[in-house]
**Student:** 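Structure below; questions to follow.
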Amino acid sequence: MKVYLAKTAGFCFGVSRAVEMVEKAAADGLRAVTLGPIIHNRHVVERFASLGVRAVDDPAEIPDGCAVIIRSHGVGRAVYEQLERRGLRVLDATCPFVKRIHELVRRAEARGRQPVIIGTRSHPEVLAIAGWCDAPLVFESAEELNAWLSEAPERREWPLTMVCQTTSTASIWKSCCETVKKQCTNAEIFDTICGATEKRQKEAIALAGLCDAMVIVGDAMSSNTKRLAMICREHCSNVSLVDSADELDTKLFSDVQSVGITAGASTPAWIIKEVNNHMSEEIRVENGAMEENFAELLEQSIKTLNTGEKVTGVVTSITPTEVYVDLGTKHAGYIPYSEISSDPNVKAEELFHVGDEIEVYVVRVNDMEGTVMLSKKRLDAAKSWDEVEKACEEKTVVEGLITEENKGGLVANVKGVRVFIPASQTGIPKGGDLGQLVRQTVKLKITEVNRARRRVVGSIRAVTAEARKAAAEKIWSEIEVGKKYHGVVKSLTSYGAFVDIGGVDGMVHVSELSWSRIKNPAEVVKVGDEIEVYVIGFDPEKKKISLGYKTAETNPWNIFMNQFHVGDVAHVKIVKLMTFGAFAEIIPGVDGLIHISQIADRRIGKPEDVLSEGQEVDVKIIDVDAENKRISLSIRALLVPQDDEM
């Protein structure tokens, strides 16, 4: 026969913490009582009574001047107020997971929501949770919850906030969640089943499915112990619930090949050990793959944690405010959202999943409350400092998110490390808008690292300078007259525009900017414009490049020749009056002459007798001298036919 001992058998961290508080009180000689059994195990309660710490059921029974220890199940708000009025010293051993549920229902009711508790109505933990709100609703099953919703359909629109007793079964909770999600329109759900409880139940199911018989060790009054037995009976027909080794009947296992042992969260290690030893004495035990050395398990249960150390744990729950991590110790590990990541926009669900094994940094250990605050952000930051120092030494390029602008420059987040970028190293011209880079991801080099002072300096300019140098070398190796480039106007002068063609600046002379006569380059382009240019000439030794912007396609004369022919009628604008006629703009950059003899169908003394500058008229194209680029126009040619018709 093989005997398998569950890894999770025995005290959870909350129970372990509560027991330690009572033991310390007894060792210190403190006159104290526990309000209700400290845990649901008669052996533990009897042992504490022998040490002088007895249990009372009602706050009124607490003698004056006596300290009171709140059990791991917790109590309602009214009890705390009663104890405070009496001025009694309170040692609070409430499980941190349970305390969180108290706060959830309190906040829910304060926001006008209806607290809904899934659990056993008579269980002390449920009674305590209910004591933190005025009108809670308690349901023991999905069927009860469904019946309540069906009684009055309008309840499905109520703002419900649902929590669960930490020791409830995952199947009951899952069914209740499915009911609410399907029927309710304004519900919020908090999965408050203790991660240790869920893990213990899953392991019990696995053992029950594997073994021919199961032994559940624990007090029959313990809710989680009874649930373990119930769960195991669903997967194994031979299940025994024993209070101690004295109740163990090994004859029940004479014909089985394998036996699994697990225990409730309120079962002390010494009782589990006695049961294990008793079975070992009666039958030959062969170590199986799942069997655990008891001494190692006991050592794990009392393992301590120290601030600043790195630990590995398993994610057990993700809530709106923190991520819970099972560290395999008596402590409840949690990561506040502020310690998840240096990126304020990241969501916990994007980084973690229940069941993930993660490495974290211990920020603070609270042995009195049995909690340990953890940080993923700080561990990542420590690793990131190593990477940043390496990047500085090796002069490698890194990426960073610009998070803010200050009077001296910019601040970037590089792998969680704050990096200062002086204004002169941002690549933005002096007086330019640094804010345009905020919330942008940029490439930079780390130029200085002082870990002791937590100071890191970086440079975007160093990266862009290298990139420009490489691009310039490529351009000079491939440049040729006529080659086209996509460029950006960097600056303007009275004689032209300087254009960056990708690492090298070239100059477009004012005469090459437009086919029309212009006085200033700003009439055609402005700084920042992206334009297409081509190489007119270059000098590699002097590093000078002449560029052209105007092209044959944009030549107004070519455009005119493609669009108009002799005999066409055009709508033109009078731009200049002369003694011999008037010049008219046909298209921008192309003018034609209306001779004085072609202005009217009669003899006139001067053009201004009929026309004025700016006036728009229709003309007929009567001649085009392509070689000399001259165009003759006539208004009279359009008027004569009208006279003939009259």
Side-chain angles (χ1 to χ4, degrees), residues 3-16 18-19 37 39-44 72-73 95 97-98 118-120 122-126 140-141 164-175 192-245 247-249 252-253 256 258-276 278-279 290-292 294 297 301 316 326 328:
V3 175
Y4 300 103
L5 177 62
K7 298 178 182 179
T8 54
F11 283 177
C12 65
F13 76 89
V15 170
S16 178
V19 169
I39 60 172
H40 278 153
N41 188 279
R42 66 180 181 84
H43 300 284
V44 174
S72 56
H73 299 111
C95 172
F97 281 155
V98 177
I118 305 301
T120 306
S122 59
H123 194 280
E125 181 182 311
V126 173
E140 297 191 356
S141 66
C164 184
Q165 176 188 343
T166 60
T167 57
S168 182
T169 65
S171 61
I172 292 175
W173 174 244
K174 182 179 179 181
S175 297
T192 53
I193 291 182
C194 175
T197 298
E198 188 174 5
K199 189 175 181 180
R200 182 182 291 106
Q201 291 176 356
K202 286 182 178 179
E203 191 173 17
I205 292 172
L207 270 179
L210 174 72
C211 299
D212 301 320
M214 287 292 297
V215 175
I216 316 300
V217 187
D219 195 313
M221 296 299 294
S222 167
S223 175
N224 66 78
T225 300
K226 288 189 291 185
R227 287 194 183 278
L228 280 178
M230 179 187 74
I231 290 170
C232 288
R233 288 190 178 105
E234 293 175 357
H235 299 83
C236 181
S237 58
N238 188 352
V239 177
S240 298
L241 195 162
V242 299
D243 177 69
S244 64
E247 295 185 0
L248 187 65
D249 184 0
L252 296 174
F253 315 117
V256 300
S258 57
V259 178
I261 300 176
T262 188
S266 300
T267 307
W270 60 270
I271 292 181
I272 304 173
K273 187 175 182 179
E274 280 186 354
V275 172
N276 192 44
H278 186 68
M279 292 194 72
M290 295 178 63
E291 186 178 7
E292 289 290 320
F294 184 80
L297 290 173
S301 70
T316 58
D326 180 4

**Student:** First locate atom CD1 of Ile118, then atom OG1 of Thr192, and finally report the distance between them rounded to the nearest 0.5 Å.
**Tutor:** 9.5 Å
**Student:** So which atom in Val259 and which in Val215 form the shortest heavy-atom distance, rounded to 0.1 Å?
**Tutor:** CG1-CG2, 4.0 Å
**Student:** Can you name the nearest heavy-atom pair linking Ile39 to Ser72, along with the distance?
**Tutor:** CG2-OG, 4.1 Å
**Student:** Which heavy atom in Ile271 sits nearest to a heavy atom in Asp243, and how many Å separate them?
**Tutor:** CG2-O, 3.7 Å
**Student:** Of the options Glu140, Gln165, Arg227, which is the one that meets Ile172 in a side chain to side chain contact (heavy atoms under 4.5 Å, CB included)?
**Tutor:** Arg227
**Student:** Calculate, to the nearest 0.5 Å, the distance between atoms CG and OG belonging to Leu228 and Ser222 respectively.
**Tutor:** 8.0 Å
**Student:** Does the side chain of Pro268 come within less than 4.5 Å of Val19's, by heavy atoms?
**Tutor:** no
**Student:** Is Thr225 reaching over with its side chain to a backbone N or O of Ala220, donor-acceptor style, under 3.5 angstrom?
**Tutor:** no
**Student:** Looking at every heavy atom in both Leu241 and Ala229, which two are closest together, and how far apart are they?
**Tutor:** CD1-CB, 3.8 Å
**Student:** In the structure I gave you, are the side-chain heavy atoms of Asp219 and Thr267 within less than 4.5 Å of one another anywhere?
**Tutor:** no
**Student:** Quick one: are Asn238 and Asp212 in side-chain contact, heavy atoms under 4.5 Å?
**Tutor:** no
**Student:** State, without any angle test, whether His40 and Asn224 hold a side-chain donor-acceptor pair at a distance under 3.5 Å.
**Tutor:** no
**Student:** Roughly how far, to the nearest 0.5 Å, is CZ of Arg233 from CE of Met230?
**Tutor:** 10.0 Å
**Student:** For a quick test of reading the model, state the closest non-hydrogen atom pair linking Thr166 to Glu125 and the distance between them.
**Tutor:** N-OE2, 2.7 Å
**Student:** Indicate the atoms forming the closest heavy-atom contact of His123 with Ser223, along with that distance.
**Tutor:** CD2-CB, 3.1 Å
**Student:** Quick one: pull up NE2 in His235 and CD1 in Ile205 and give me the separation to the nearest 0.5 Å.
**Tutor:** 5.0 Å
**Student:** What I'd like to find out is whether the side chain of Ile272 reaches to under 4.5 Å of the side chain of Leu5, using heavy atoms alone.
**Tutor:** yes
**Student:** Rounded to the nearest 0.5 Å, how far apart are CD1 of Ile193 and CH2 of Trp173?
**Tutor:** 7.0 Å
**Student:** What's the separation between atom OG in Ser237 and atom CE in Met214, rounded to the nearest 0.5 Å?
**Tutor:** 12.0 Å
